[in-house]
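Only this structure's heavy atoms are used, side chains among them; waters, hydrogens and symmetry mates stay out. Within every chain, numbering begins at 1; the chains are lettered A, B, ... in the order of the sequence lines, protein sequences first and strands thereafter.
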Protein chains: 2
Amino acid sequence: MEDRTINMEEQKEITIYDIARHLNISAATVSRGLNNNPMISKATRKKIADTAKSLGYQSNTFASSLRSKQTHTIGVLVPRLNSYFMSSVLAGMEKVANLGGYNLIIAQSLENVEREKTNALTMFNKRVDGLLISLSYDTQDLTHLELFFKKRIPVVFFDRVGSHTESTSVVIDNYSEAYNITRHLIDQGCKKIMHLGGNTHLNVYKDRLAGFKQALADHNLPFVEEFHLISNLSEDAGSNAAKFILDLAPGDRPDSVFSANDTAAVHCMIILKNANVAIPNDIAFAGFNNDPSSKIIEPNLTTVDYPGKTMGEAAATTLINHLKGITNIYITNLLTLKSGLIIRASSLKKPLSF
Amino acid sequence: MEDRTINMEEQKEITIYDIARHLNISAATVSRGLNNNPMISKATRKKIADTAKSLGYQSNTFASSLRSKQTHTIGVLVPRLNSYFMSSVLAGMEKVANLGGYNLIIAQSLENVEREKTNALTMFNKRVDGLLISLSYDTQDLTHLELFFKKRIPVVFFDRVGSHTESTSVVIDNYSEAYNITRHLIDQGCKKIMHLGGNTHLNVYKDRLAGFKQALADHNLPFVEEFHLISNLSEDAGSNAAKFILDLAPGDRPDSVFSANDTAAVHCMIILKNANVAIPNDIAFAGFNNDPSSKIIEPNLTTVDYPGKTMGEAAATTLINHLKGITNIYITNLLTLKSGLIIRASSLKKPLSF
DNA sequence: TTGTAGGCGTTATCAG
DNA sequence: CTGATAACGCCTACAA
């Protein structure tokens, strides 16, 4: 008697055998029917579906994965979950994955290689069909992904990408955009441009810095090492940059700032505004990412459109198409998405000319 | 000869049997050793671990899950991935889950019950150990979760919660916070307060509206139906609210706005500011969520602190503790997190008094 | 402390 | 078109 509640909890799972028994057919047929195998007659397929429903059958994904060696699960490994950009990326990925019948296992490295390593390993052990990854701040090489490469589990990099000849990377042209936005500042008459940059181990920051430098060089402006502030580009980093600027004698200050992300730019602007620095007249500003905050800060921030959702969709689509045999990521090496300058008031020292 | 490359790709997986063979012990011992079962001598455990590593063994999670009926995977089902709040929640969940040895399968309903239904079903079929869910805009009842309830797979609701006596919900006190923020506006001399609200099917918006109404009633102010605008609280909804206000004769306009989220509030403010409406003097503003944008808009937006990361951590912890048998969600019904008013310039018609 | 044997639920192979 | 049977890789009584 005491067992009754336990028995109720521990109901046996309904399996294809139960369905088979009910219909006096074999489990193999049920399996095929459930998978809509055209070899099975429409009539039996329907019968199978019906009794499956009436019995409350729910397929067991493991058992299936164990045999078929397919999980229909994609691993997503990102530095941090909580940024506007990353959540847009994930939204795009989830949409595409769901449409294609895939699920997403998501983990964050918190900018730490070790966590990236262990997360990659668990995903491997969960036998994800493929991996979508944006590298952590710390990551210097790709040895922790060898497991995937060796077993030919497809890996698609996005945003912060690694160089691996047999994988595809999805990016925007960070170099050109940085070049263009710097040139725009120069066009506005800026001559002393400060750059808030990130760790140059990472392609995104390295490329943005390179584009920035090249634009300076092409316009005969010197690159001033003291005006290249490297940080994690957080809110605090932006505030600190502002303090750095305010500590300079007014004559020594930069006439503009190009930040490698909007967050730092915006928080730098806020402090400077409080100190009565006029933007853009005293100091012009340009950011990167087109974060929502760039449209809220006053003056609105000039920035580079970084289409997160599109990037997520592109990365997921690339991976899934590869999994489905439609394309092959071992052939394509780089997928560069369209991006573009968004010019707003924060950088306009003179009216836009046509 | 032609087969060689194929053979290289299709390397057999290394299994516990391979390890067993290498060491001339049984697979059972290997299995136990790998799981650090204390019954196995330290020496053999070490030998097992070593050869596992040297053979490049990777455990197969399915096979394990198939037998043990545990997946160490938690399903997370949210309305939308791409909001600051939700990404904070996810960041909190992921952190806790990872620490506890769990993985997250994440999907979004895109505010659509049907997607919520199918996503819940796939998660069920993937045999998640538990489910963390915030309901879609559309969701009216919980029938699609019956599967979980019946099998006693624990479900923890958060933010947009459903009422189910056998599940725990993690929330903040929306009612009180709305009451308090409304009272704050009234204290500032506001008498015609407009409310930008969401669908009142959802607890969060229903409670915020109720708190708002009660505060009005307690201060002998009428609730004006025309000043209750229901929308999805998007950027556009905020802009539309602004247009609605501007279409009113200045004398008929509200003297303040309490928005059920910051996004709508901020975008409403932007339009009004462009139309030279003075904030807070002409119209005071209060929002909800403490979105980053609330600290960027000028004047800074008065709002309610909504601790996303904490909520994610709390929901995940509750679920995992239940799974580990430490606590029991069938006993606790509601977990109310600390929140609080954040008063900023957007609502201060008169100086703060002490 | 270790080994044996059987089964978890599905799918693949082969045969009819 | 359908059935029988053997895996898939691991875990767990039970036995030794």
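Residue A/Thr61 is out of contact with every strand shown, counting any heavy-atom pair closer than 4.0 Å. Using a 4.0 Å heavy-atom criterion, one finds that B/Ser65 contacts no nucleic acid atom at all. Residue B/Tyr17 is in base contact, counting any heavy-atom pair closer than 4.0 Å across all strands shown.
Distances shown here put every side-chain N or O of B/Ser26 at or beyond 4.0 Å from the OP1 or OP2 atom of C/dT4. For B/Lys69 and C/dG9, the shortest distance from a side-chain N or O to OP1 or OP2 is below 4.0 Å. Side-chain nitrogen and oxygen atoms of B/Thr29 include none within less than 4.0 Å of the OP1 or OP2 phosphate oxygen of C/dT2. In this structure, A/Lys42 does not reach the D/dC1 phosphate: none of its side-chain N or O atoms is under 4.0 Å from OP1 or OP2.
The interatomic distance linking B/Phe62 (CZ) with D/dC8 (C1') rounds to 10 Å, in whole Å. For the pair A/Asp18 CG and C/dC8 P, the interatomic distance rounds to 11 Å; values are reported in whole Å. D/dT2 atom P lies 11 Å from atom CG of A/Leu23, rounded to whole Å.
Heavy atoms only, all atoms of each residue included: B/Ile106 and A/Glu94 are closest at O-CG, 4.0 Å.
Side-chain contact annotation: A/Asn103 with B/Lys126, donor-acceptor N/O pair under 3.5 Å present. Checking A/Thr143 against A/Asp141 by side-chain atom types alone, a donor-acceptor pair falls below 3.5 Å.
In this structure, B/Phe124 and B/Phe148 have perpendicular ring planes: the angle between them is above 60°, well past the 30° mark.
Listed candidates were D/dG9, D/dT2, D/dC11. Nearest to the side chain of A/Ser41 is D/dT2. Between D/dC10, C/dG3, C/dC8, one nucleotide has an atom nearer to the side chain of B/Ile25 than all others, and that is C/dG3.
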Check the interface with nucleotides 12-16 of chain C: list each N/O to N/O pair with the protein under 3.5 Å, or write none.
unit_1, atom_1, unit_2, atom_2, d
C/dA12, O4', A/Arg67, NH2, 3.4
C/dT13, O4, A/Arg32, NH1, 3.4

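Cation-pi geometry between A/Arg152 and A/Tyr330 is met: the NZ or CZ atom falls under 6.0 Å from the ring centre, inside 45° of the normal.
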(request) Just do the side chain to side chain contact (heavy atoms under 4.5 Å, CB included) check on A/Ile25 and A/Ile48 with the steps written out, would you? (result) CA-CA 10 Å; A/Ile25 57 179; A/Ile48 292 168; 4.0 Å; yes
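The residue among B/Pro38 and B/Ala63 whose nearest nucleotide of DNA chain C lies closer to the 5′ end is B/Pro38. Both A/Arg45 and B/Asn60 lie close to DNA chain D; mapped to their nearest nucleotides by heavy-atom distance, the more 5′-ward contact belongs to A/Arg45.
The shortest side-chain heavy-atom distance between B/Val155 and B/His164 does not fall under the 4.5 Å cut-off.
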